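Each residue takes its place number in the sequence, starting with 1. Scope of the values below: all heavy atoms of this structure, side chains included, with no hydrogens, waters or symmetry mates. Quantities reported herein were computed from a predicted structural model and do not represent experimental measurements.
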Amino acid sequence: MLGWALELLNPFVKAEDGAVTVDWIVLTAAIIGLCLLVTIPAYTSSSGVAQALAARLIATVTSLSAP
């Protein structure tokens with residue numbers, strides 16, 4: 001009874017048509033993961049720097065525009 005099911009699956013298991021697609025999906029997922037590993041810490045640590053820079057720019061502009 002199980003033999004006919006294995007005979008149906010045998011060509012699917014031996015086929016290599018989708019192997020390149022699977023490789024590209026895994027490679028793309030790895031690249032996206034590496035990009036997230038780099039950008040998330042850079043984004044979170046730069047928010048404090050951006051706020052300090054904005055405050056300094058506002059202070060400089062207000063000191064220059066005040067008579």
Side-chain angles (χ1 to χ4, degrees):
M1 180 154 182
L2 188 60
W4 66 270
L6 291 176
E7 287 180 22
L8 288 175
L9 289 175
N10 197 19
F12 175 75
V13 173
K14 290 184 178 181
E16 296 183 5
D17 294 337
V20 175
T21 305
V22 172
D23 290 343
W24 275 107
I25 291 172
V26 171
L27 183 62
T28 305
I31 290 171
I32 291 171
L34 288 174
C35 289
L36 288 175
L37 284 175
V38 170
T39 56
I40 288 175
Y43 177 74
T44 57
S45 66
S46 66
S47 65
V49 175
Q51 290 174 354
L53 179 63
R56 182 155 181 163
L57 284 173
I58 290 171
T60 303
V61 169
T62 55
S63 69
L64 291 176
S65 63

Within this structure, what is the [atom1]-[atom2] distance for the pair [X] and [Y], rounded to the nearest 0.5 Å?
X: I58; Y: L53; atom1: CD1; atom2: CG; answer: 10.0 Å
X: T39; Y: L34; atom1: OG1; atom2: CG; answer: 10.5 Å
X: I25; Y: T21; atom1: CD1; atom2: OG1; answer: 6.5 Å

* Asked: Going only through I, L, V, M, F, W and Y residues with side-chain contacts under 4.5 Å, is there a path from I31 to W24?
  -> yes
